[in-house]
Protein chains: 2
Amino acid sequence: MGIPQPSLNRLPQYHHYLNQLKAKGINTVSCSLIGLDLNLVPVQIRKDLQYTGIVGKPKTGYAVAELIAAIETFLGWNNVQEAFLVGAGNLGTALLGHERFSTFGLRIVAAFDTDPEKIGQWIHGKMVLPLEKLADLAKRMSIHLGIITAPAECAQWIAEKMVSGGIQAIWNFAPVRLNVPPEIIVHNEDLYSSLASLSWKLAQRFNIPFQQDGGSN
Amino acid sequence: MGIPQPSLNRLPQYHHYLNQLKAKGINTVSCSLIGLDLNLVPVQIRKDLQYTGIVGKPKTGYAVAELIAAIETFLGWNNVQEAFLVGAGNLGTALLGHERFSTFGLRIVAAFDTDPEKIGQWIHGKMVLPLEKLADLAKRMSIHLGIITAPAECAQWIAEKMVSGGIQAIWNFAPVRLNVPPEIIVHNEDLYSSLASLSWKLAQRFNIPFQQDGGSN
DNA sequence: CATATCTCGATATTTTTTTATCGATATCCA
DNA sequence: TGGATATCGATAAAAAAATATCGAGATATG
């Protein structure tokens with residue numbers, strides 16, 4: 001893997017924080033400061049940042065701009081990936097509207113759906129196309145990334161269309177495990193899974209009110 | 001913590017899978033089978049399930065229905081939490097429309113916004129109210145869960161309103177770290193963070209095409 | 001009814017991730 | 001200019017999570 005998954009997940013957090021610093025005109029930052037603001041121990045931050053290849057200066061810390069650039073380069077955020085999105089429902093529409101994705105290396109170039117009502121519409125400047133055209137278009141436009149925001153029932157079928165169109169990575173918002181060839185990168189964004197931790201913690205709070213662990217994480 | 005975070009995150013995956021089995025009329029399941037379908041090693045599944053308190057039978061495995069119930073009880077999904085959502089934009093609308101949340105212990109009862117255009121509208125059967133009313137209503141209705149789907153700039157301010165209204169847990173979709181009292185449970189749902197792993201893996205794929213690790217996870 | 005096989009649950013081991021420690025070095029201040 | 005201090009980077013230790021192993025019990029089969 002090269003970098004631990006948890007470190008990978010923290011990098012965008014640093015990225016966001018550093019951009020705030022930059023906006024405030026702060027040019028240099030230490031792990032101690034980041035840790036103070038982000039509630040993490042400095043050593044961990046230092047280790048995470050080391051994966052990006054950045055080097056800091058003792059006593060001073062890191063150059064904010066350099067650090068931002070290092071994270072972006074490391075994550076591949078400076079060469080923008082074009083993506084197709086399938087499922088122009090509520091969630092799909094939300095993602096299509098997220099203009100800020102382009103700052104994070106993602107540009108959704110078209111949406112697909114099977115609903116005749118939706119096909120032909122423009123959502124946030126992107127045309128909704130019939131799903132049958134996906135594979136062919138993906139090939140011709142060399143699209144490597146697909147986003148599934150369709151209902152769980154259709155997800156597998158959509159994934160197969162994506163794969164047949166040469167798509168290499170799928171960002172899947174449907175709560176199903178996709179069955180695809182092993183070389184395809186699948187990232188599941190399961191809101192229910194996320195909700196689970198929250199419910200559990202909340203349930204704990206109300207069932208065992210005397211044992212308040214106070215962790216905000 | 002009681003249960004490791006990764007285990008907690010896997011439980012909904014099992015839950016979903018088990019429901020599929022149930023729908024197919026399968027009454028009993030072993031960890032080996034789950035593992036085969038979900039691409040996990042049986043021991044890990046067994047350990048995860050043990051946290052829910054379920055006991056299986058050698059040779060047979062677990063009773064599907066019992067197992068589903070055990071997970072739901074463990075996660076607190078059978079006593080539904082009512083929640084307020086703030087930010088009736090694209091993402092907020094998407095979440096308001098997710099009727100299935102109620103199956104997972106979550107019922108969004110009202111939406112809030114500051115935009116006069118939105119206030120008074122009904123979105124998926126939920127009224128959009130002015131944000132000023134949040135704290136008071138939360139108190140009166142004993143709402144313990146808040147969902148933030150507003151822009152990053154407003155998130156901190158919204159969080160404070162929630163806290164003042166007695167809300168105990170916040171599901172935060174804005175990409176900012178919220179500054180709240182330590183006893184408040186905050187769960188950040190950062191799409192950019194999620195995107196990071198995906199971008200990184202995709203970048204790896206295109207930069208080092210000869211080192212195909214083939215991991216679909 | 002005995003034996004082979006499967007799977008659980010518990011314990012042990014390995015791996016991964018987090019946290020601690022320490023010497024080296026850059027900056028600040030007297 | 002010299003010493004105090006903060007912070008990095010590297011190495012080491014600790015904690016957490018994943019995986020392996022094994023005995024015991026349940027079911028099927030001959």
Side-chain angles (χ1 to χ4, degrees), chain A residues 1-11 13-14 17-18 21 26-67 70-71 74 193 196-197 200-201 213 215-217, chain B residues 1-11 13-14 17-18 21 26-67 70-71 74 193 196-197 200-201 213 215-217:
Chain A
M1 214 31 189
I3 176 174
Q5 187 67 40
S7 299
L8 195 47
N9 290 135
R10 279 188 297 267
L11 284 181
Q13 212 183 123
Y14 303 138
Y17 172 74
L18 292 164
L21 288 189
I26 297 167
N27 295 318
T28 174
V29 68
S30 71
C31 291
S32 338
L33 180 61
I34 302 178
L36 219 63
D37 289 341
L38 257 42
N39 236 7
L40 296 164
V41 293
V43 219
Q44 186 171 50
I45 300 168
R46 201 168 297 130
K47 238 183 173 182
D48 289 342
L49 295 181
Q50 276 172 359
Y51 290 108
T52 69
I54 192 93
V55 294
K57 262 199 277 185
K59 178 90 183 191
T60 326
Y62 305 89
V64 173
E66 261 182 52
L67 194 40
I71 293 174
F74 182 79
S193 164
S197 328
W200 183 79
K201 286 175 192 163
D213 74 334
S216 70
N217 178 27
Chain B
M1 207 42 186
I3 176 174
Q5 187 67 41
S7 299
L8 194 47
N9 290 135
R10 279 188 295 267
L11 285 180
Q13 211 183 124
Y14 303 138
Y17 172 75
L18 292 164
L21 289 189
I26 297 166
N27 295 320
T28 174
V29 68
S30 71
C31 290
S32 340
L33 180 61
I34 302 178
L36 220 62
D37 288 341
L38 256 41
N39 235 8
L40 296 166
V41 294
V43 219
Q44 186 171 51
I45 299 168
R46 203 169 296 130
K47 237 181 173 185
D48 288 342
L49 295 181
Q50 276 172 1
Y51 289 107
T52 69
I54 192 94
V55 294
K57 261 199 279 187
K59 178 93 183 186
T60 327
Y62 305 89
V64 172
E66 259 182 54
L67 194 39
I71 293 173
F74 182 79
S193 165
S197 329
W200 183 78
K201 286 175 193 162
D213 76 333
S216 70
N217 178 29

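The sequence lines fix the lettering, A, B, ..., with proteins before strands; numbering per chain opens at 1. None of the values given here were measured: they were computed from a predicted structure.
In this structure, A:K47 atom NZ and D:dT11 atom P are separated by 11 Å, rounded to whole Å. Here D:dA16 presents its P atom at 13 Å from CD of B:Q5, a figure rounded to the nearest Å. Across the protein-nucleic acid pair, A:L49 atom CG and C:dT17 atom C1' stand 16 Å apart, rounded to whole Å. Going from atom CD of A:Q44 over to atom P of D:dA10 covers 18 Å, rounded to whole Å. In this entry the distance linking CG of B:L40 with P of D:dA20 reads 13 Å, nearest Å. Rounded to a whole Å, the CG atom of B:L33 is 12 Å from the C1' atom of C:dT7. Atoms CD1 (B:I34) and P (C:dT7) sit 11 Å apart, rounded to a whole Å. In this structure, the CG atom of B:L8 is 16 Å from the P atom of D:dA16, given to the nearest Å.
Checking the phosphate oxygens (OP1, OP2) of C:dT7, no side-chain nitrogen or oxygen of B:T60 falls inside 4.0 Å. An OP1 or OP2 oxygen of C:dG9 is reached within less than 4.0 angstrom by no side-chain nitrogen or oxygen of B:R46. Considering only side-chain N and O atoms, B:Y62 lies under 4.0 angstrom from the phosphate OP1 or OP2 of C:dG9. Between B:K57 and D:dT27 there is a side-chain polar atom (N or O) within less than 4.0 angstrom of OP1 or OP2. Using a 4.0 Å cut-off, some side-chain N or O of A:R10 falls inside it from OP1 or OP2 of C:dT18.
The side chain of A:P58 lies closest to C:dA26 when the candidates are C:dA20, C:dA26, C:dG9.
For A:K59 against D:dT5, a side-chain N or O and a base N or O form a donor-acceptor pair under 3.5 Å.
Looking at heavy atoms from C-beta onward, B:L8 lies out of side-chain contact with B:Y51 at the 4.5 angstrom threshold.
Test B:T60, B:L67, B:L33, B:L21 against B:T28 for side chain to side chain contact (heavy atoms under 4.5 Å, CB included) and you get one pass: B:T60.
Judged purely by atom type and a 3.5 angstrom limit, A:S193 uses its side chain to pair as donor or acceptor with the backbone of B:N9.
Using modelled atom types and a 3.5 Å distance limit, the side chains of B:S197 and A:Q5 yield a donor-acceptor pair.
As judged by a 4.0 angstrom heavy-atom cut-off over every strand, B:V41 is placed among residues touching the sugar-phosphate backbone only.
Residue A:L11 comes nearest to A:D48 through the heavy atom pair CD2-O, 4.1 Å, listed as atom of the first residue, atom of the second, then distance.
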